[in-house]
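Have a look at the structure below, then the notes.
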Amino acid sequence: MKQVILAAHFPGVNNQTVWSDPASGSQIDFSSFVHLARAAERGRFDFFFLADGQRLREQRGRIHDLDVVGRPDSLTVLAGLAAVTDHLGLAGTINATFNEPYELARKLATLDHLSGGRAGWNVVTSSDAFTGENFRRGGYLDYSERYARAAEFVRTVRELWDSWKAEDLVADPATGFFASANAGEFAHHGTFFDIEGRFNVPRAPQGHPLTIQAGDSDEGREFAAAHADAIFSRHGTLEDGKVFYRDVKARVVANGRSPDSLKVLPGVTFALGDTDAEAQENADHVRRQQVSPQTAILLLEQVWNRDLSSYDPEGPLPEIDPLVSEEESISRGRTRLTRDPLETAARWRALAEEKRLGIRDLIIEVTGRQSFIGSPGTVAEQINAFVQEDAADGFILVPHLVPAGLDEFVDRVVPLLQERGVLRTEYGTSTLRGHLGLEGGA
Amino acid sequence: MSAAHLHLSVALDGAGWHPAAWRDPAASPKDLFTAAYWAGLVAEAEQGRLDFVTIEDTVALQTSRLDGPDGRTDQVRGRFDAVLLASRIAPLSRSIGLVPTVTTTHTEPFHVASSLATLDYVSGGRAGWRVQLSGRRSEAAHFGRREVPELGPAQAVALEDYAIYHELFGEAGDVVEVVRRLWDSWEDDAVIRDVATGRFVDREKLHYVDYEGPHFSVRGPSIVPRPPQGQPLVTALAHSRLPYEFAARGVDVEYITPHDADQARAIVAEIREIGGVQPKVFADLVVFLDETQQAAEERRARLDELDGAAYASDAKIFAGTPEQLADLLLDWRETGLEGYRLRPAVLPTDLNAITRTLVPELRRRGAFRDGYEAGTLRGHLGLARPASRYAGSTR
């Protein structure tokens, strides 16, 4: 039987993260990160995962104020977590567009040393001039060049990691030999990076820290198949998952790699209860918390691309059609909800009519329903089925609450997965690559 | 805190500041690339109740040459990113300040602000920053984004003679300014969690920093809420007029390198005459500490012999007893210095001597506090937590 890979996603800065609940704690205090990481390690998870965003989101030209906002620098907080965990992998999302290979390679190699081989990075790209306004280099990249630059970025970072061989570091006082004369020597003369010199971090315990790719587009899949160790996907249903899984694994093979060398890890949410019926009630309650009346209007505006602030969240959908424009969206710094607003509007109107839903209830219905809802037994069964039927190799779990959102899953679902023999009861490996059964692990 | 108390910090680098320190019998060179090694050093410094440790860093491999690799195999080569190292140690310590070195030249100011603010959260208000710039051609080649001319022979180098250094220090001052603005860009009470209006944050209390300069522009606000200290401690090492002027633009602690009391007096006077923010001035000293002066000098000579050259430093090299060092620190204090950054020649030997012998000696003389009197690094230095510059502003 395949083992289930599990990762714990620190709740993000979007409406999926519920802040209005009395149990909701700080999204920025270090103790919140420690709580979630320790829960994940108690549940023998493979790794902890941090998302990223380098510009506060805006709607209608103003900073978006309805969702949790504010987050730490990923790698800095992960280095702190290395001190309070022993086995858990530590992966952060890094935007390659706003980093240089030398600096990032040494940060990741440093994290790998400081964690004893537990570092990973989720490489994302941006062509977004909005985010670029916070950076020296601005939003200078064409969409088409994003993946080309990212691929060269990953290659270059790996060249830097490989510039120190394990045997270059000797540190023998008896002979007076500390390190090889050419340790760290590198030269990369490419399209996007033209650099040379000496890299200054000795070879990392994993050699190459884990590389994750998030992105569903054709280019994203190709990139993952060629360069990544894991792909963070968003295919929630069993059937969609299988199609995606087959597609990506075929691309991996076409790149001359073993299909097992790329792990498919969809991001998923969950709602638990003592019974399936109670879990459904809990799920509905959380959905209402996630979609406040104000948030319902805001999400609708993202599809309509219009100011809808005068509409009643409990009232019917607007009769006016979405504004379809090649100009930029009213919402900036976040992923689009739809690529075809007119089609989406038509579908939503039909659904609202059929089920007699107002704006807020419709938005609750059509956005972000939990991936797994049920008793611990039901959820364990569903998770295992996805993995055994090759719709996934495991999951990146996104709790809806900081910091205790994973506790119930760890206490109630994890033991059931362990009973089935698909999740370790103790760590038998020490590195992140080792946990995932990837080459170069220990 | 008594005004008579000195501030003491220690500069951590590799196996110690002497290039042959790693070959000393007390050194543990095979542990340099482990977290445990650094955690042990910081725990020792904290036992001594020191104000803070700094952690050296560069965007190049260490070298004995002015610019470019030297190919030597007999000295420590390789180092960790200092911010991540500080963050790794932070949960294992309670009170001591953690001051990593971060360069301003090839890095993104926005990331610098975020990572230091995050260190401030991880450490519960103990983060600082040793600002450093990168003027070497070999370092610029690691990034491939700007041209830097080759420097002349070492003896000819006066920073002020090079246009590039005027540019780099100007840029460094701009980076400090924009980082400070980003730290202030969230007012302390920006998070409101107001269920009635559905608002998590009061957007009127988040501010664009709108910095536009010759080298970069940053819109803001920060992605990280205001750090626990409000403004983490900003420090810099300065050897001449250009860096003194840079420090006057926005540094809290300035390290200088006098070789005697007269030089210390002259430098402090020059810094005060420049005006600006009036940083606290610390002197840097490389220290070999033993029970007798002879033992310290012999240890220094042994290491010089191993390295094949007499160790030279920008800072004064002191070899003697902790009592003699205490005499010197108190003597120089009369010139207007408020503290010191001691660079242990060998780790952990000279660090242990500082915490276990020098510190008790200074206490006996009423010149060092018995314990920590504050919970934050700014607090150790008697600096208040500043209000955000944007408090009450509508932009």
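A note on names: the letters A, B, ... follow the listed sequences, proteins ahead of strands, and every chain is numbered from 1.
Neither the backbone nor the side chain of A:Thr295 comes within less than 4.5 Å of any heavy atom in chain B. Neither the backbone nor the side chain of B:Asp202 comes within contact range of chain A; no heavy atom of the residue lies under 4.5 Å from a heavy atom of that chain. For a residue to count as touching a neighbouring chain, one of its non-hydrogen atoms must lie under 4.5 Å from one of that chain's; by this rule B:Trp186 touches chain A with the side chain only. At a 4.5 Å heavy-atom cutoff, the contact between A:Val69 and chain B is made by backbone and side-chain atoms alike. Looking at B:Leu92, only its side chain comes within 4.5 Å of chain A, counting heavy atoms on both sides. Using a 4.5 Å cut-off between heavy atoms, A:Asn134 touches chain B through backbone and side chain atoms alike. Heavy atoms closer than 4.5 Å to chain B are found in the backbone of A:Ala183, but not in its side chain. B:Leu306 does not touch chain A: none of its heavy atoms, backbone or side chain, sits under 4.5 Å away. For chain B, the nearby parts of A:Gln54 are the backbone and the side chain; heavy atoms of each come within less than 4.5 Å. At a 4.5 Å heavy-atom cutoff, the contact between B:Arg72 and chain A is made by backbone atoms alone. Looking at A:Thr17, there are no atoms closer than 4.5 Å to chain B (heavy atoms on both sides), in backbone or side chain. At a 4.5 Å heavy-atom cutoff, the contact between A:Leu169 and chain B is made by side-chain atoms alone. Contacts of B:Thr107 with chain A are made by both backbone and side-chain atoms, with heavy-atom separations under 4.5 Å.
Of the charged side-chain nitrogens involved, at least one lies within less than 4.0 Å of a carboxylate oxygen, so that B:Lys205 and B:Asp189 count as a salt-bridged pair. With respect to B:Asp67 and B:Arg136, no salt bridge is recorded, no charged nitrogen being found less than 4.0 Å from a carboxylate O. Checked for salt-bridge contact, A:Glu133 and A:Arg55 meet the test: a charged N lies under 4.0 Å from a carboxylate O. Looking at B:Glu204 and A:Arg62, a side-chain N of the basic residue comes within less than 4.0 Å of a carboxylate O on the acidic one, giving a salt bridge.
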All N/O donor-acceptor pairs, side-chain side in residues 24-31 of chain B, below 3.5 Å, sequence neighbours left out:
{"from": "B:Asp24", "atom 1": "OD1", "to": "B:Ala26", "atom 2": "N", "distance (Å)": "2.8"}
{"from": "B:Lys30", "atom 1": "NZ", "to": "A:Val170", "atom 2": "O", "distance (Å)": "2.9"}
{"from": "B:Lys30", "atom 1": "NZ", "to": "A:Ala171", "atom 2": "O", "distance (Å)": "3.3"}

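Remark: A:Leu88 CG to A:Leu81 CG distance equals 8.0 Å, nearest 0.5 Å.
Less than 6.0 angstrom separates the ring centroid of A:Phe33 from the ring centroid of A:Phe10. Side-chain rings of A:Phe135 and B:Phe110 approach one another, their centers coming within less than 6.0 Å.
For the set A:Gln294, A:Arg136, A:Arg71, the count of heavy-atom pairs under 4.5 angstrom toward chain B peaks at A:Arg136. For the set B:Ala20, B:Gly198, B:Pro228, B:Ala15, the entry with the most heavy-atom pairs within less than 4.5 Å of chain A is B:Gly198. Among A:Ser20, A:Pro72, A:Ser31, the residue with the largest count of heavy-atom pairs under 4.5 Å with chain B is A:Pro72. Contact count against chain B (heavy-atom pairs under 4.5 Å) is highest for A:Ile28 among A:Ile28, A:Val201, A:Leu56. Each of A:Leu160, A:Asn182, A:Asp194, A:Asp172 has some count of heavy-atom pairs under 4.5 Å with chain B, and the biggest count is that of A:Asp172. Each of B:Thr58, B:Asp74, B:Leu84, B:Val83 has some count of heavy-atom pairs under 4.5 Å with chain A, and the biggest count is that of B:Leu84. Heavy-atom pairs under 4.5 Å with chain A were tallied for B:Ser114, B:Ser115, B:Gly144; the largest tally goes to B:Ser115. Between chain A and the options B:Arg199, B:Arg23, B:His106, the largest number of non-hydrogen pairs under 4.5 Å is found for B:Arg199. For the set B:Ser138, B:Ala90, B:Ser217, the entry with the most heavy-atom pairs within less than 4.5 Å of chain A is B:Ser217. Contact count against chain B (heavy-atom pairs under 4.5 Å) is highest for A:Val77 among A:Val77, A:Val13, A:Val34.
Proximity of A:Asp67 to B:Phe200: side-chain heavy atoms (C-beta onward) are nowhere separated by under 4.5 Å. Side-chain contact between A:Tyr102 and A:Phe186 is present, with heavy atoms from C-beta onward closer than 4.5 Å. Proximity of A:Gln27 to A:Trp19: side-chain heavy atoms (C-beta onward) are nowhere separated by under 4.5 Å.
For B:Arg181 and B:Tyr211, the positive end is not near the middle of the six-membered ring at less than 6.0 Å and at most 45° from its axis.
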Margin query: Walk me through whether B:Asp307 and B:Gln75 qualify under side chain to side chain donor-acceptor pair (under 3.5 Å).
Written below: CA-CA 8 Å; B:Asp307 196 53; B:Gln75 296 180 351; 3.0 Å; yes
Next item on the list: Step by step, work out the side chain to side chain donor-acceptor pair (under 3.5 Å) result for B:Thr63 and A:Arg198.
Entry: CA-CA 11 Å; B:Thr63 179; A:Arg198 297 296 179 97; over 6 Å; no
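At a heavy-atom cut-off of under 4.5 Å, chain B is reached by A:Arg106, A:Lys107, A:Thr110, A:Leu111, A:His113, A:Leu114 from residues 106-115 of chain A, listed in order of number.
For A:Thr191, the side-chain contact (heavy atoms from CB on, under 4.5 Å) test picks out A:Glu152, with sequence neighbours left out.
Among residues at least two apart or in separate chains, there is no salt bridge (Lys or Arg N to Asp or Glu O under 4.0 Å) pair with a member in residues 22-34 of chain A.
The shortest non-hydrogen separation linking B:Trp129 to B:Val175 is CH2-CG1, 4.0 Å.
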